[in-house]
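To keep things clear, I will list the structure first and then write my remarks on it.
Chain letters run A, B, ... following the sequence lines, proteins first and then strands; every chain starts at 1.
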Amino acid sequence: MHASLTRHRNCVSRRGAMTQPITNIFATVLERVHAAGHTLIASGVLPAAADRSRVVVEPPRDPSHGDMATNAAMVLAKDAGRKPRELAELLAGELRGDPLVAKVDVAGPGFINLTLKPEAWASALVSAILSGPDYGRSHIGSGQSVNVEYVSANPTGPLHVGHTRGAVFGDALANLLAFTGFAVTREYYINDAGAQVEVLARSAFLRYREALGEDIGPIPEGLYPGDYLKPVGEALAAEFARGLLDMPEPQWLPIVRGKAVAMMMEAIRADLAALNIKHDVFFSERSLLGDGTQSDQVGQTIAELRREGHVYEGRLPPPKGAPVEDWEDREQTLFRATEFGDDIDRPLKKSDGGYTYFASDIAYHKSKFDRGFRDMIDVWGADHGGYVKRMNAAVKAISDGKAALDVKIIQLVRLLRAGEPVKMSKRAGDFITLRDVVDEVGRDPVRFMMLYRKNDASLDFDLAKVIEQSRDNPVFYVQYGHARGHSVFRNAREVVQLPDDWSQRARRLSDAELARLDDAAELALMRKLAQFPRVVEAAALSHEPHRIAFFLYELASDFHAQWTRGNNSPHLRFIIQDDPNITLARLALVAGVVNVLAVGLSLLGVDAPLEMR
RNA sequence: GGCCCCGUAGCUCAGUGGAUUAGAGCAGCAGCCUUCUAAGCUGUUGGUCGCAGGUUCGAGUCCUGCCGGGGUCGCCA
C-alpha cells in the first residue's frame, strides 16, 4: 500500500521544528529539557560540565502525571549541588515558557511532569500520517556497520521448526537496525567442515548407490536416514553415472560432500524464502581452512593469538560433577579464555589434530572484524548457551577489545495443536520442518507469533490457535486492526471524498481540523501513535524486536476499542454523516493508526492486509 | 557439581535500562450491547514481583547467597 507514497524527509535536523511536523515528540521534548538545562548553565545554576547523558523523557506510568515525565532534576541535582525538587522548580520555570507545553508540575522526589498542548499531539499525528513508511525511521545508528548472523543451521537437512524462531528473530532484528540507521549485513555461517558433513556425504553416497538401482536396505545407524537425500543421490547418478563407485572414499567424499552441501543449502534458502528471509552473505566455514589455493585462516588466527600470548599448550582439569567416560588427560592447544571472562580455557585442536569448531568460529569472527564490523550480533539456539562466554572472550581477543558481540539466545518453541503437544518421534529423520509449519498456517502467523515473546523465554506455538479469528490470536487482532482502518476509509466515501493515492490522501487528512479530536480515547490514541518512534529506537538498541509486536497489539486493541465505542455511542463514530469536518479529523486519526500498524508489521515482516474476508 | 536462562495476579505474559500509587490479555464477578466488516464493551475482584540479605535518597529492575524449573558441561556443531 505504501508503494505510491512519496518519501517524507525526517525533519529532526531542521531548525524551527514548530512549523514542521514533530517526528519523535519525545526526542523533541528532550531537546527542550536540554535547552532549559543550557539556560541554567548560562545563569550559573548548573556547571557546564554537568553530565546530562542520563536525562530521559518518558511517558509516565500513571496518566494523571501528565503526558511526559523527565528525571532531569534528580539526575543533575548532584552536579548542581542543589536538592532535586529545588532544581526541578528552576527547570520547570524554564519549561513553562515552551510553546509545546501546557502544564508543568514538580512531583515526587523531583520529577518534572509535563502536559503538552493539544497542538503538539496534533503535530505528532500529522507526522505519523505524512511520514508514511518512514514514520519511526531514525538515524540513531549513524550508518554504523552491524553484522547480524542468524540461522546458520548445519547444511545436513531441511530447516526444522526449531530453527524457525531464530530465523524470524534475526530477520526482524536486522529490519529494525536497518530502519534505525545501521548499515546491516545479514549473514549465514555454513558449517560445511567437520564430521557432520562427512556423515552427510556418506549418507548421500548411499542414496547415490540406491539411485543406480542397488538395494541399500535400511539406513545404517549413524547416517542420515531422511528421504530428502534421495534427490542428491539421483543428481549424483545423473552427473557421474557409475563413475564414483570405483573410487576410494577419500576421492569420492569431497565430490559427494560438495554436491550434497550445495543441494542442502539450496533447500535451506528455499525454506527461508518461504518466510521472506534473505541473507546477504553465506559464509563457508571450509573457506577458512585453506583448501588448496586459499590460506589457512584458522591456523593464522591461532598463530596470531599465540604471538599475543592468548594461546598456549597445556592441560585442562577434568570436568567436575558429571563424569566423562573416556576422559584422557593430555596436553593440548588452549585459548586463554579465562583472561577474557570465561570460566575455563578452551581447546582449539581435537585429538585427531583437526581444529575444534570453536577454533574455526574464532577465525570466522576475526573475518567479521577484518571486514570492518565492530558491532556483531549472533543469534543462537538455546542449546548453545554454554558457548556464549567463550565466544565473547574470543571476540575480545581478536579485536583487542574494539568489537562488541551480542549473542542472542533463542529459547525453545513448544509446538502445540489446540493445547496438545505435537508429537515428534525421536526416531531420526522424523521431525516437523519449517516448511510443514508455514504450509499449514501461513507465513504471517509464524512470523508474528515467533516475535510475540522475549527471545530468552520459551514459547508455545499452537497451530490451531494462530489461525483463529479472535482476540485471543494477536496476529489476527493486529492485522484486522489494519484492515478495519481501511474499511473505515471505504465506508467514509459517502461523507467525504478522499484521493485514492495514499500520499495525496495523507496530505488532505493532515489539513483536517485536528483540534476536534478532543475525546479522551482519541487523545490517548494520538499519544500512543506518538510513542512509536521511541519504541522502535528502544527495540533496535536493545536488540528486542518483540517490543514492536507488543506495541502493535496494544495499538490495535486501543483502536478496536474506539471502534466499538462508536458502535455504542454514535457520536463517537469515525464517520459522522452530517459533519464532514469531524469525519476528516477522525479519518486522520485512523490514518495514523493504519500507518503505524503497516510500518510496524513491515518491520516484523508481516503483511498488512487491506481487507480480511 | 560448574556455568547460562527463567521465576511478576488463578493461567499466559509485558514492565520503556533504578524512579511518582507494579500493568495487559484470558479466567472470575456486576452491568450493558447485537455491529461504520467478523474483535463484544464498561466497571470490578485479584500481587510480600520465588526467598533472604546488600548497594541507593529511591530496587520487579543492580550485587551476593539460597530455593524451584529448563538448558548445557574437552576431541558435536
Is any side-chain N or O of A/Arg547 under 3.5 Å from a base N or O of B/U16, one able to act as donor and the other as acceptor?
-> no

Name the orientation class of the two ring planes belonging to A/Trp380 and A/His384 (parallel below 30°, tilted from 30 to 60°, perpendicular beyond 60°).
-> tilted

Considering only heavy atoms and no angle criterion, is a donor-acceptor pair shorter than 3.5 Å present between the side chain of A/Thr564 and the base of B/G40?
-> no

Of all the nucleotides listed (B/G40, B/U20, B/U16), which has the minimum atom distance to the side chain of A/Ala69?
-> B/U20

Answer with yes or no whether the side chains of A/Gln196 and A/Asn191 bring together a donor and an acceptor at under 3.5 Å.
-> no

Between A/His310 and A/Phe340, how do the two ring planes meet: parallel, tilted or perpendicular, split at 30° and 60°?
-> perpendicular

When the ring planes of A/Tyr364 and A/Tyr189 are compared, do they come out parallel, tilted or perpendicular, using 30° and 60° as the limits?
-> parallel

So which nucleotide from B/C5, B/A39, B/U20 ends up closest to the side chain of A/His65?
-> B/U20

For A/Ala538, answer base if it contacts any base atom (sugar-phosphate contacts may also be present), sugar-phosphate if it contacts only those atoms, and nothing otherwise; contact means non-hydrogen atoms under 4.0 Å.
-> nothing

Between A/Gly108 and A/Pro59, the residue closer to the 5' end of RNA chain B by nearest nucleotide is A/Pro59

Tell me what A/Gly566 touches on the nucleic acid: a base, only sugar-phosphate, or nothing, going by heavy atoms under 4.0 Å.
-> nothing

Which of the following nucleotides, B/U37, B/U12, B/G17, is nearest to the side chain of A/Arg453?
-> B/U12

Side chain of A/Asn113, base of B/U20: donor and acceptor closer than 3.5 Å?
-> yes

A/Lys350 side chain near B/G74 phosphate (N/O to OP1/OP2, under 4.0 Å) | no

Where does the angle between the aromatic ring planes of A/His160 and A/His163 fall among parallel (under 30°), tilted (30 to 60°) and perpendicular (over 60°)?
-> tilted

Which part of the nucleic acid, if any, lies within contact of A/Arg565, taking any heavy atom under 4.0 Å across all strands shown: a base, the sugar-phosphate backbone alone, or nothing?
-> sugar-phosphate

Going by 5.5 Å between centroids and 30° between planes, is there a stack of A/Trp563 over B/C36?
-> yes

Is A/His546 touching bases, backbone alone, or none of the nucleic acid, heavy atoms closer than 4.0 Å?
-> sugar-phosphate

Taking only the side-chain heavy atoms of A/Ala107 (C-beta and beyond), determine which of B/U37, B/C75, B/U20 contains the nearest atom.
-> B/U20

Just checking A/Gln531: base, sugar-phosphate only, or nothing, at a heavy-atom cut-off of under 4.0 Å?
-> nothing

Under 4.0 Å between any heavy atoms, over every strand shown, what does A/Tyr452 touch: base, sugar-phosphate, or nothing? Just pick one.
-> nothing

Taking only side-chain nitrogens and oxygens of A/Ser487, does any of them come within less than 4.0 Å of OP1 or OP2 of B/U37?
-> yes

Please evaluate the base of B/A38 for a donor-acceptor partner in the side chain of A/Arg484 within a cut-off of under 3.5 Å?
-> no

Looking at B/G17, B/C36, B/A14, which one has an atom nearest to any side-chain atom of A/Phe550?
-> B/A14

Face-to-face contact A/His384 to B/U72 six-ring, under 5.5 Å, under 30° | no

